[in-house]
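Since the structure comes first, as structure tokens, the remarks are kept for the end.
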4 protein chains.
Amino acid sequence: MAQILDASAVVFARSGFEKATTIAIAAEAGISPGSLYQFFANKEAIAQALADRFVAQLRLAHQEAFDEARFTSLPLDGLLDRMVDPIVAFNIANPGFKALFARTDMPAGLADAARPVQAALLARVEAMIAARAPELPAGDRTRTALVGIQIFQAMVPLVVAAEGEERAAMVRELKRALHGYLADAIA
Amino acid sequence: MAQILDASAVVFARSGFEKATTIAIAAEAGISPGSLYQFFANKEAIAQALADRFVAQLRLAHQEAFDEARFTSLPLDGLLDRMVDPIVAFNIANPGFKALFARTDMPAGLADAARPVQAALLARVEAMIAARAPELPAGDRTRTALVGIQIFQAMVPLVVAAEGEERAAMVRELKRALHGYLADAIA
Amino acid sequence: MAQILDASAVVFARSGFEKATTIAIAAEAGISPGSLYQFFANKEAIAQALADRFVAQLRLAHQEAFDEARFTSLPLDGLLDRMVDPIVAFNIANPGFKALFARTDMPAGLADAARPVQAALLARVEAMIAARAPELPAGDRTRTALVGIQIFQAMVPLVVAAEGEERAAMVRELKRALHGYLADAIA
Amino acid sequence: MAQILDASAVVFARSGFEKATTIAIAAEAGISPGSLYQFFANKEAIAQALADRFVAQLRLAHQEAFDEARFTSLPLDGLLDRMVDPIVAFNIANPGFKALFARTDMPAGLADAARPVQAALLARVEAMIAARAPELPAGDRTRTALVGIQIFQAMVPLVVAAEGEERAAMVRELKRALHGYLADAIA
DNA sequence: CATGAATGAGGGTTCATTCAT
DNA sequence: GATGAATGAACCCTCATTCAT
């Protein structure tokens, strides 16, 4: 039920995964606690499903950015714009996303849920790097992608927490950080 | 009681802040749960005190790196070595540190505890930036320091999780990321 | 609805009365949980109705055995064969029966449901005893019938659990036990 | 804690194992639900411990009866008196005992707890049979012991439920049943 | 001052039952 | 009449915190 996932996103955003209670999610969704379990086996499964939905939504929102045709035709700056802006926008629009994924310690139940998201992102970034630096060994390519994603994830809370002009400035810094790192790593 | 803080660091490292139980901390410290509360008002206060101790320890370990005399005399590479290496070493030596601080979602109690650490670090990095780019407006300087620290924190789990040569490679990437960002931001 | 009772017998046999869920019964019956309550007021009522049906089926299966004309014309051995064999066969054919009746601790709802079965059996056994030992006071007769039934019920799980030759041996022991008791009690 | 086991015996006797709630046990014991778990891992463990205590108590109460020297020196009647009376007395004094052991369908958690009791009883009865009928094959001996115990267990509720003279009558019938079965089976 | 058993609110989850469709 | 999602009380269990000893 989309309404439950919406509610869980709100509650996860507000309280984090472990502090979020099924009662709070149910209340936010306007249903009873028992009803949660008609759709999801347990709290973990809710997070899983929410993660899956995020993956799908993100794939859509991110589609154009990852038009592979542009991986080499665009200057790095332009490419970063296309990659970063939609994910930043997605994070701002979906506060629950960060609560589930932008964390360094994954509770058992979440680690499984988060893996697909991270794997999807990783694959895209790796593809991009491969296109621009074909001679880079696979190990280095993966590591570079991993580091790039990590930098990105780390910046998300700073961007989301900021507002107005400060947020725009943070996005600029984020791009600058990625540009600085990738220009050096890929060159 | 240092012994309690040692124990809490171990348990936080093992279980994370929210999953850590006061009973586990007491057991690890070899005392009774009740005794915990003779020294600390609650679980949060333990994290606070542990944070404070980390700040002090880190200050020592980091002392030399922040010998301000070298802020301008050293090339950026050398400066980064002096700043990054001790903190990386500190993180590897103190797994509890990362459990408390390298997280993007701070439970209420931890946010307060983490602030002093971050403030201390921020001050140092700001001072370094000020020395190397005196003309940078204060707002930009703070933001640049914040971003640099954030990148650093994000990389810590990657570095700590890796081992041997892969860890060394991760440290190189971390420095490359910081170098790329700061060279651009400060110049 | 016979189909519901069939399903409940299966589920009671599989899970026992208290662990059986109405959803499982409905699923087994191929209907929705709600439909259960169009035919039965509650879970207890299902057990009641199943019990009633068991009584009726048992009466049929047991008919010939209780041909009263033979109560006195047959030796005790032959009579026991006629009484025991069909009930044993019935228990083997209807695993749900034992789940409801062969238990020493009756939950409130089941006690009521079981009473008719026991009453029907009791009446028959009492009649048999009365025929063979007319001079036995009514109180003793009832008690003797009760004990005989209890012995029988206690043996059912042993018989049903056994297989092949061991089951046949258990049936022999059951008859031996009943014979030993009744020969003494009635004589 | 003996007080918890006492309370659990009371509650198990009143409600049976599955209907018994930890809250009820705690209330009966005059403690809080949480305290239960300082001594027992879960509801099952309480039943286990209660079972173990019953085994120990029963062993004591039953000691003299199973003085092996008397297995052959006594007439069957006298032997049955010595075996049956203490267990009947024990069952009357400990209503919780029957709630845990005198049942034909054992929930997973209880089966493990009940096994030792049944095994202990079985061993004793087998030893008795072996003493009186040494030529009986081992398989028959076990089966005979099993059936004897089953008859006994089945009668316990009848005996316990009865009162005064009726209870005495029930005990007589129980012994008569055992005597009838064993005299025949052993001879 | 240390202890550790006791607390009890609150967590996730189940399931007999209801009722709008 | 049939449905099956919705209900919500009640279950078992956890754990930060307290307090009599």
Side-chain angles (χ1 to χ4, degrees), chain A residues 1 3-4 15 17-27 29-47 109, chain B residues 1 4 11 15 17-27 29-47 109, chain C residues 1 3-4 15 17-27 29-47 109, chain D residues 1 3-4 15 17-27 29-47 109:
Chain A
M1 204 88 162
Q3 147 192 3
I4 292 175
S15 320
F17 173 71
E18 23 253 326
K19 288 255 174 107
T21 73
T22 54
I23 291 177
I25 294 174
I31 61 176
S32 75
S35 296
L36 246 43
Y37 292 84
Q38 222 137 21
F39 303 94
F40 303 101
N42 50 39
K43 196 175 144 185
E44 233 169 69
I46 297 177
Chain B
M1 206 88 160
I4 293 175
V11 175
S15 320
F17 174 71
E18 20 254 327
K19 290 250 173 117
T21 71
T22 54
I23 289 176
I25 295 173
I31 60 172
S32 76
S35 298
L36 241 47
Y37 290 83
Q38 228 130 25
F39 299 95
F40 304 101
N42 51 38
K43 195 173 145 185
E44 232 166 69
I46 298 177
Chain C
M1 205 88 160
Q3 146 192 1
I4 293 175
S15 319
F17 174 71
E18 20 254 326
K19 289 249 173 118
T21 71
T22 54
I23 289 176
I25 294 173
I31 61 171
S32 76
S35 298
L36 241 48
Y37 290 83
Q38 230 131 23
F39 300 93
F40 303 101
N42 51 37
K43 195 173 145 185
E44 231 167 70
I46 298 177
Chain D
M1 205 89 161
Q3 149 192 4
I4 292 175
S15 320
F17 174 71
E18 22 253 326
K19 288 255 173 107
T21 73
T22 54
I23 291 177
I25 294 174
I31 60 175
S32 76
S35 297
L36 245 45
Y37 293 85
Q38 222 136 19
F39 301 94
F40 303 101
N42 50 39
K43 196 175 142 183
E44 234 169 68
I46 297 177

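Rounded to the nearest 0.5 angstrom, A:Ser15 OG and A:Glu18 CD are separated by 11.0 Å.
Checking the phosphate oxygens (OP1, OP2) of F:dT14, no side-chain nitrogen or oxygen of D:Tyr37 falls inside 4.0 Å.
Rounded to a whole Å, the NZ atom of C:Lys19 is 12 Å from the P atom of F:dC12. Whole-Å rounding puts the D:Phe40 CZ to F:dT14 P distance at 15 Å. Atom CD in B:Glu44 sits about 14 Å away from atom C1' in F:dT17, given to the nearest Å. Spacing between atom CD1 of C:Ile46 and atom P of E:dC15 amounts to 15 Å, rounded to whole angstrom units. Atom CG in C:Asn42 sits roughly 17 Å away from atom P in E:dC15 (whole-Å rounding). Atom NZ of D:Lys43 is separated from atom P of F:dC12 by 5 Å (rounded to the nearest Å). If you measure from atom CZ of A:Phe17 to atom P of E:dG11, you get 15 Å, rounded to the nearest angstrom. In this structure, the CD atom of B:Glu18 is 11 Å from the P atom of F:dA16, given to the nearest Å.
Within the nucleic acid shown, C:Ala41 has no heavy atom closer than 4.0 Å to any nucleic acid atom. Across all strands, D:Ala26 comes closer than 4.0 Å to no nucleic acid atom at all (heavy-atom distances). Within 4.0 Å (heavy atoms only), C:Ala24 reaches no atom of the nucleic acid at all. Residue A:Thr21 is in sugar-phosphate contact alone, with no base atom involved, counting any heavy-atom pair closer than 4.0 Å across all strands shown. Contacts of D:Ala20 with the nucleic acid, taken as non-hydrogen atoms under 4.0 Å apart, involve only primed sugar atoms and P, OP1 or OP2.
The side chain to side chain contact (heavy atoms under 4.5 Å, CB included) check on B:Ser32 picks up B:Ser35, with sequence neighbours excluded. Scanning for side chain to side chain contact (heavy atoms under 4.5 Å, CB included) contacts around D:Gln3 gives D:Met1, D:Ala29, D:Ile31, with sequence neighbours left out.
Shortest non-hydrogen contact noted between B:Phe40 and B:Ala45 is CD2-O, 4.0 Å. In plain terms, the two heavy atoms of D:Ile46 and D:Leu36 that are nearest each other are CD1-CG, 3.9 Å. When all heavy atoms are compared, the tightest approach of B:Asn42 to B:Tyr37 is CA-CE2, 3.9 Å.
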Fill in: DNA chain F base-pair string [pairs: Watson-Crick or G-U under 3.5 Å; |: paired with another strand]
.||||||||||||||||||||
Polar-atom pairs under 3.5 Å, protein N or O versus N or O of nucleotides 4-8 of chain F: list them with distances, or write none.
unit_1, atom_1, unit_2, atom_2, d
F:dG4, N7, C:Ser32, OG, 3.4
F:dG4, N7, C:Gly34, N, 3.2
F:dA6, N7, A:Gln38, OE1, 2.9
F:dA6, N7, A:Gln38, NE2, 3.1
F:dT7, OP2, A:Ser32, N, 2.8
F:dT7, OP2, A:Ser32, OG, 3.4
F:dT7, OP2, A:Ser35, OG, 3.1

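Side chain of A:Lys43 to backbone of A:Ala20: a donor-acceptor contact under 3.5 angstrom is found.
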